[in-house]
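Here is the structure we will look at.
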Amino acid sequence: MGYVAVKGGSEAIAESIQRLKYERIKNGTVLDTRDIESGMRGLIDTVMSESSLYDRQVASVAIKQAEGSIEEAVFLMRAYRSTLPRKYYSNVIDTKNMFVERRISASFKDIPGGQILGTTYDYTHRLIDFDLSKENPTEVEKWLDSYRKTSELEEPADIDLCNLPRVTDMLRKEEIIAQAIEDNTPPIDVTKKNMEFPTKRSERLQVLTRGQTGAVIALGYASLRGFGDLHPTVGELRVGYVDICIANPMGDDEFYIGNIQITEVESYISSPDKNNADGNKLNLTIGYGVCYGQNESKAIAMSILDTDLETQEKKFPTQDEEFVLYHIDSVEATGFISHLKLPHYVTFKSKLDSIRRTREAREK
Amino acid sequence: MGTKYNFAFFDEGSKREIRRATLKAVAIPGYQVPFASREMPIGRGWGTGGLQLTLSLIGEKEILKVIDQGSDESVNAVNIKKLIVSTTGVQTTIDTRKATLIQSRHRIPEIPLNKEQILVLQVPIPEPLRVVEASEHKTKRLHSESDYSGAWLMLFEQIMKYDSVTHGADYPVIVKDRYVMSPSPIPRFDNPKLNNSEALILLGAGREKKIYAVPPYTKVISMAFEDYPFRVESFSGQKCHLCGAQGVYLDEIIDEKTGEAYYQCNDTSNCLMRLNGGK
């Protein structure tokens with residue numbers, strides 16, 4: 001009867017948990033969470049983004065506990081998130097004031113403020129650097145010293161990195177992009193209220209931004225490749241820090257509570273001009289993607305899906321909001337898939353009974 | 001970074017919110033009430049809906065029983081029980097009669113429940129119409145218009161194809177002549193226990209974020225046609241090889257040596273009780 005024996009479940013679980021701990025530490029090495037925090041930036045960013053919980057320290061512990069499994073780390077973070085009282089919503093963040101570390105546009109070569117390549121893997125050759133296996137602290141220290149000295153000298157003085165003009169603003173002036181009225185209606189919090197269909201854009205963006213990275217990218221890719229009908233151009237991709245403030249309940253001012261790193265993408269897609277009656281004019285619409293940390297593929301894919309879900313005419317699954325929004329959440333998808341490991345013998349017996357009955361009916 | 005959790009894991013505000021959805025569910029039998037389902041420390045799809053109901057209802061004096069596929073000692077049942085006990089310190093039991101709160105996956109205990117008890121069922125897919133309509137937006141409308149032709153047609157087509165309704169567990173029921181409801185994947189054998197139950201039956205779907213209920217003494221009928229009546233699983237006169245029980249849900253076990261099938265009570269606590277000389 002295996003692991004569903006009348007007795008023994010508790011012992012089996014206890015042993016399994018011991019075994020799990022053993023696997024994590026069997027080599028006698030203690031992984032310092034500070035090492036994870038300083039060296040696993042990509043992993044931490046992915047985990048924070050999918051958990052929708054911005055905390056590098058807690059993410060590092062979760063990653064350690066999960067032995068580097070993103071699915072497990074996100075799960076831990078989400079469950080922890082459930083227990084945190086949520087007392088405030090932040091004031092609206094205007095990303096115009098982002099402290100930009102990286103900013104590129106695929107639409108224009110010359111943009112006001114310039115292209116800032118910043119930190120990116122994009123132009124590295126993906127050759128395994130075997131020397132990293134013997135990297136030592138003295139070398140690192142030396143390299144850091146010289147790097148810091150040179151980069152201080154090269155700091156550009158004439159660009160205000162906290163107030164870079166947007167590419168979109170240029171196009172708005174030309175009226176190629178429709179003027180949008182700033183809409184600051186409080187978003188619906190999908191973690192407090194169940195989604196109802198058709199959804200509001202605020203709900204869609206929340207679900208997309210906390211979506212599983214692989215799932216969001218896969219669906220965005222499907223749309224781009226042919227199961228969707230748009231090919232966007234990345235108008236602007238920014239990585240940088242934004243300040244978070246909450247309103248002072250006693251006055252008109254606000255309190256600064258910290259900053260977070262985000263990736264933000266505005267994609268341009270040409271579409272018929274809604275204000276033009278003949279329908280023979282096109283203009284550009286914007287697909288929006290944003291997520292915690294540096295997660296560029298995810299943010300771009302999100303901007304594609306955002307546009308797809310705005311489409312009224314639904315020809316492809318990527319335009320079907322239930323199809324997209326219900327299936328990209330890491331905890332939900334992995335939870336339901338993994339539940340198949342639970343015993344199903346009562347239901348299976350019931351299924352067998354139905355199958356046997358159809359056979360008996362045939363034989364009669 | 002040490003963190004302590006509140007009694008029953010949730011903060012009181014969260015519990016109250018879940019209870020509010022539960023009250024609405026009780027007021028509209030069989031209707032799926034959306035609620036802000038939380039991520040739990042166990043797998044989403046492993047009973048988090050049931051767990052949230054249990055944690056929102058549990059008090060210090062509760063006597064808890066958790067079963068999974070009929071067994072108190074099944075790993076998932078043990079695991080859920082462990083989490084509830086570690087965050088509440090309540091007493092647990094395997095004796096169905098002593099429990100005040102029973103959380104179960106895929107079974108309703110054999111012993112009839114009484115009005116002092118609450119049964120919480122874990123639900124994977126709360127929407128009975130999902131098999132005929134993939135869209136939540138549309139199924140919600142079908143329910144509001146009592147348009148159950150899709151569900152009837154599904155049964156009809158099975159009969160046309162196989163000369164019997166081939167639905168296994170999770171056989172749809174009609175609650176109080178109004179809502180078609182998924183009873184969670186309990187075997188058909190357990191469907192009649194929903195009808196006119198003395199105990200309050202709550203159903204929670206965590207991943208799908210729905211709570212629904214069968215209040216005490218509510219009429220619950222399994223969907224069927226006059227000429228093709230509802231039928232429970234057949235055990236063709238088999239009995240439990242341990243306690244000799246008949247007329248209970250039996251697990252089919254294959255003897256490793258002889259390769260022959262033999263049968264054993266699925267409800268392990270009922271089997272134990274009988275073996276220990278209870279009725």
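Chain letters run A, B, ... following the sequence lines, proteins first and then strands; every chain starts at 1.
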Item to check | Side chain proximity check, A/Lys341 to B/Trp46, heavy atoms < 4.5 angstrom | outcome: yes
Checklist entry - Quick one: does A/Glu322's side chain have a donor or acceptor within less than 3.5 Å of a partner on B/His137's backbone? => result yes
Item to check | Check: A/Asp353 main-chain N/O paired with B/Glu233 side-chain donor or acceptor under 3.5 Å | outcome: no
Next on the checklist: Quick check for you: to the nearest 0.5 Å, what is the distance between A/Lys349 atom NZ and B/Phe235 atom CZ?
Outcome noted: 5.0 Å
Checklist entry - Rounded to the nearest 0.5 Å, what separation is found between the NZ atom of B/Lys81 and the OG atom of A/Ser10? => result 7.0 Å
Item to check | More than 12 heavy atoms from other groups under 6.0 Å of CD on A/Glu23 | outcome: yes
Next on the checklist: Do B/Asn6 and A/Thr83 make a side-chain contact, defined as non-hydrogen atoms from C-beta onward lying under 4.5 Å apart?
Outcome noted: no
Checklist entry - Where do B/Lys82 and A/Ile17 come nearest, in terms of heavy atoms and distance? => result NZ-CD1, 3.6 Å
Next on the checklist: Out of A/Lys192, A/Lys351, A/Met195, return the one with the most heavy atom pairs under 4.5 angstrom to chain B.
Outcome noted: A/Lys192
Checklist entry - Relative to chain A, which segment of B/Ala134 carries a heavy atom at a distance below 4.5 Å: side chain, backbone, both, or neither? => result backbone
Checklist entry - Is the number of heavy atoms from other residues, nucleotides or ligands under 6.0 Å of B/Arg141 CZ greater than 12? => result no
Item to check | Part of A/Tyr326 within contact of chain B (heavy atom distance under 4.5 Å) | outcome: side chain
Checklist entry - Say you draw a straight line from CD1 of B/Ile186 to OG1 of A/Thr347; how long is it, rounded to the nearest 0.5 Å? => result 11.5 Å
Checklist entry - For the atom pair CG (B/Asn76) and NE2 (A/His339), what is the distance rounded to the nearest 0.5 Å? => result 10.0 Å
Checklist entry - Taking atom OH of B/Tyr228 as the centre, does the number of heavy atoms from other residues, nucleotides or ligands within less than 6.0 Å exceed 12? => result yes
Checklist entry - Rounded to the nearest 0.5 Å, how far does NZ of B/Lys138 lie from CZ of A/Phe197? => result 12.5 Å
Checklist outcome for this item: chain A shares the most heavy-atom pairs under 4.5 Å, among B/Arg38, B/His106, B/Arg188, B/Met40, with B/Arg188
Item to check | Distance (rounded to the nearest 0.5 Å) between B/Ile159 CD1 and A/Thr358 OG1 | outcome: 13.5 Å
Checklist outcome for this item: Bottom line for B/Asn266: the part with an atom under 4.5 Å from chain A's heavy atoms is side chain
Next on the checklist: Need one label for A/Thr191: side chain, backbone, both or neither, based on atoms under 4.5 Å from any heavy atom in chain B.
Outcome noted: backbone
Checklist entry - Run the side-chain contact (heavy atoms from CB on, under 4.5 Å) check on A/Arg78 and B/Arg44 step by step: do they pass? => result CA-CA 11 Å; A/Arg78 284 276 188 91; B/Arg44 210 155 172 81; over 6 Å; no
Next on the checklist: Quick check: closest heavy atoms across A/Ser82 and B/Asp11, and the distance to 0.1 Å?
Outcome noted: O-OD1, 4.4 Å
Item to check | Heavy atoms from other residues, nucleotides or ligands near CZ of B/Phe156 exceed 12 (cutoff 6.0 Å) | outcome: no
Checklist entry - Where on B/Arg231 is there a heavy atom nearer than 4.5 Å to chain A: the side chain, the backbone, both, or neither? => result both
Item to check | A/Lys200 NZ: over 12 foreign heavy atoms closer than 6.0 Å | outcome: no
Next on the checklist: For the CD1 atom on A/Ile337, are there more than 12 heavy atoms of other groups (residues, nucleotides or ligands in this structure) within a distance under 6.0 Å?
Outcome noted: no
Checklist entry - Is there a side-chain contact between B/Tyr171 and A/Ser354, using heavy atoms and a 4.5 Å cut-off? => result no
Next on the checklist: Does any backbone or side-chain atom of B/Gln158 lie under 4.5 Å from a heavy atom of chain A? Answer side chain, backbone, both or neither.
Outcome noted: neither
Checklist outcome for this item: Heavy-atom nearest pair, B/Phe9 first then A/Ala79, reads CZ-O, 3.8 Å
Checklist entry - For A/Phe227, does the CZ atom have more than 12 heavy-atom neighbours from other residues, nucleotides or ligands under 6.0 Å away? => result no
Next on the checklist: Need one label for A/Lys193: side chain, backbone, both or neither, based on atoms under 4.5 Å from any heavy atom in chain B.
Outcome noted: backbone
Item to check | Within-4.5 Å side-chain heavy-atom neighbours: A/His344 and B/Arg105 | outcome: yes
Checklist entry - Does atom CE of B/Met223 have more than 12 heavy-atom neighbours, drawn from other residues, nucleotides or ligands, at distances under 6.0 Å? => result yes
Item to check | Lys/Arg N to Asp/Glu carboxylate O, B/Lys209 vs A/Glu332, below 4.0 Å | outcome: yes
Checklist outcome for this item: When the 4.5 angstrom heavy-atom criterion is applied to B/Leu250 and chain A, the contacting part is backbone
Checklist outcome for this item: Closest non-hydrogen contact found for A/Ser350 with B/Gly168 is OG-C, 3.0 Å
Checklist entry - Could you go step by step and tell me if A/Tyr345 and B/Asp251 meet the side-chain contact (heavy atoms from CB on, under 4.5 Å) rule? => result CA-CA 8 Å; A/Tyr345 51 75; B/Asp251 287 338; 3.5 Å; yes
Checklist entry - Is B/Arg207 paired with A/Asp329 through a side-chain N to carboxylate O contact shorter than 4.0 Å? => result no
